[in-house]
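So the structure is just underneath, and the comments pick up after that.
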Amino acid sequence: MAELPFATDAIAPRLLAWYSKQGRALPWRQTRDPYRIWLSEIMLQQTTVAAVIGYYQRFLENFPSVEHLAAAPQEAVIDLWAGLGYYARARNLHAAAKMLVEEFGGEFPQTVTELQQLPGVGRSTAGAISALAFERHAPILDGNVRRILCRLFALQQPPRSSAAEKQLWHWAELLTPVADVHDYTQAIMDLGATVCLPRKPLCEDCPLSELCQAREFGLEQQLPLKQKSKPVPIRHEAALLLEKQGKYLVRRRPASGLLGGLWEFPTVSIADGEMAEQKVRLLMSDFAVSGDLRPLGNITHIYSHFRLELQLFQLSIDDFPQVAEAENDWCAAEELSQLALHGAHKKALEKLQGSGE
DNA sequence: AATTCGGGGGA
DNA sequence: TCCCCAGAATT
């Protein structure tokens, strides 16, 4: 490895001193309960603090311990996760809770290696739990730390490349102190979230600015280097908003895959050259219903890797259709708003209610 | 090594 | 718009 531009043990004291004055008070910072720390770490994966706090509180009210979580049906876990995104996290969380109860006797393991056996717990999350709950000397490498290290060492390569990843982990390990690991870990994440910002870092407020190589070279605005982004494809779908006596037909998506376990109105995909209304009529024949479709317009919903264009069609019927009740459910309008619909269909519901239904 | 997986917020 | 967020699992 290249020669270090500063003494690595100079970092932690500066961060700790800064954190004791400027650190934020967050709900999961008051505890050393591994269950609560684990839950917060999973919820915070690729998710902002502001988005998580409400979910975190609500989740703990429903599942105050790993035993409660393990005993719950998976659907209940998904429902409490609805709106937070990345639903595999909820499935993995539930599976890990069962594993903890059944194989670990309800006790959390303390080492990174063991923690990484839990589904949904990778190297960084394992490090976080080990450091935060057990004061173990374990590094993390989340988005905050990655950005800070890229600047601190003026790393001139794309931070997601495998070479950079290896280098960053090495630095993360060097900087992580043996003592006060909990506070150090919270501190470095806080610094990234409030001072070493992606754009326009607040270097005047940074306790590491004197040591920062990017700052020394005037590169703090340029680093970390940007990854080149691909164009996002567009997917087309159509949804059938089937109404009978004020109730609408909804169903749960399959438990795995995109938006797993969330509710939606029956939906079909529209390939290039296909007509949405014709595909919806195929759906109608599945349900053995007929009548005039009423177009309700389009919804656009942005995902990280594609854009969804969703066409809406409403149909009111009188006869009770032959719908498999196991997979489908009739839901009144006021119930729909409480349902764990995914984002695009929440928008569809709003459009439906705005249309005078 | 590249892709999949959400939704929200800031500039 | 574009980018990022307390990343992990799958291909």
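Reckoned from all heavy atoms, side chains included, excluding hydrogens, waters and symmetry mates. Below, chains carry the letters A, B, ... as their sequence lines are ordered, and counting in each starts from 1.
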Would you say that Met189(A) contacts Asp142(A) through its side chain, given a criterion of any heavy-atom pair below 4.5 Å between the two side chains?
yes
Between dA8(C) and dG9(B), how far is it from one C1' atom to the other, in whole Å?
23 Å
I want to know whether Trp81(A) and Tyr55(A) have ring centres closer than 6.0 Å.
no
Could you tell me whether Trp81(A) contacts a base, only the sugar-phosphate backbone, or nothing, with contacts defined as non-hydrogen atoms closer than 4.0 Å?
nothing
Rounding to a whole Å, what distance do you find between Leu141(A):CG and dA6(C):C1'?
11 Å
Over how many whole Å does the gap from Leu39(A) atom CG to dG7(C) atom C1' extend?
16 Å
Using whole Å, report how far CH2 of Trp169(A) lies from C1' of dA6(C).
11 Å
Take the protein atom CG of Leu44(A) and the nucleotide atom C1' of dA6(C), then report the distance between them rounded to whole Å.
5 Å
I'd like the P distance from dA6(C) over to dT3(B), given in whole Å.
24 Å
Nearest whole angstrom, please: distance from the C1' of dG7(C) to the CE of Met43(A).
16 Å
Measuring only the P atom in each nucleotide, how far is dG8(B) from dA9(C)? A whole number of Å is fine.
24 Å
Mutual orientation of the aromatic rings belonging to Tyr56(A) and Trp28(A) [parallel < 30°, tilted 30-60°, perpendicular > 60°]:
perpendicular
dG7(C) phosphate, OP1 or OP2, under 4.0 Å from Arg160(A) side-chain N/O
no
Grab the N/O contacts between the protein and nucleotides 7-11 of chain B below 3.5 Å, and write none if there aren't any.
unit_1, atom_1, unit_2, atom_2, d
dG7(B), OP1, Tyr87(A), OH, 3.1
dG7(B), OP1, Gly343(A), N, 3.3
dG7(B), OP2, His301(A), NE2, 3.1
dG10(B), N2, Arg199(A), NH2, 3.2

Ring-ring centroid check Tyr303(A) His301(A), cutoff 6.0 Å
yes
Check this one for me: any side-chain N or O of Ser162(A) less than 4.0 Å away from OP1 or OP2 of dA1(B)?
yes
Between Glu41(A) and Val121(A), which residue's closest nucleotide on DNA chain C lies nearer the 5′ terminus?
Glu41(A)
Distance under 6.0 Å and angle within 45° of the ring axis: does Arg123(A) meet both against Trp169(A)?
yes
Nearest whole angstrom, please: distance from the P of dT4(B) to the CG of Asn92(A).
18 Å
Does a side-chain N or O from Lys230(A) land closer than 4.0 Å to OP1 or OP2 of dA2(B), or not?
no
Between His305(A) and dC5(B), does any side-chain N or O lie under 4.0 Å from OP1 or OP2?
yes
Sub-4.5 Å side-chain heavy-atom contact between Trp38(A) and Leu93(A)
yes
Which part of the nucleic acid does Val49(A) contact within heavy-atom distance under 4.0 Å: base, sugar-phosphate only, or nothing?
base
Enclosure of Arg36(A) CZ (heavy-atom neighbours >12, cutoff 6.0 Å)
no
Given DNA chain C, 5'-ward residue of the pair Leu118(A) and Leu26(A), judged by closest heavy atom:
Leu26(A)
Consider side chain to side chain donor-acceptor pair (under 3.5 Å). Of Glu243(A), Lys244(A), Arg294(A), which one does Ser316(A) pass it with?
Glu243(A)
Find the distance Ile78(A):CD1 to dG6(B):C1' and express it as a whole number of Å.
13 Å
Base, sugar-phosphate, or nothing for Arg91(A), non-hydrogen atoms under 4.0 angstrom?
nothing
Just wondering, are more than 12 heavy atoms of other shown residues or ligands nearer than 6.0 Å to CD in Glu210(A)?
no
Decide if the gap between the ring center of Phe104(A) and the ring center of Phe108(A) is smaller than 6.0 angstrom.
no
At under 4.0 Å between heavy atoms, what does Ser229(A) touch on the DNA or RNA strands: base, sugar-phosphate, or nothing?
sugar-phosphate
Base-pairing string, 5' to 3', of DNA chain B - Watson-Crick or wobble, under 3.5 Å, | interstrand:
|||||.|||||
Here the distance between atom P of dA1(B) and atom NZ of Lys166(A), to the nearest Å, is 11 Å
Verify whether the ring centers belonging to Phe153(A) and Phe6(A) lie closer than 6.0 Å.
yes
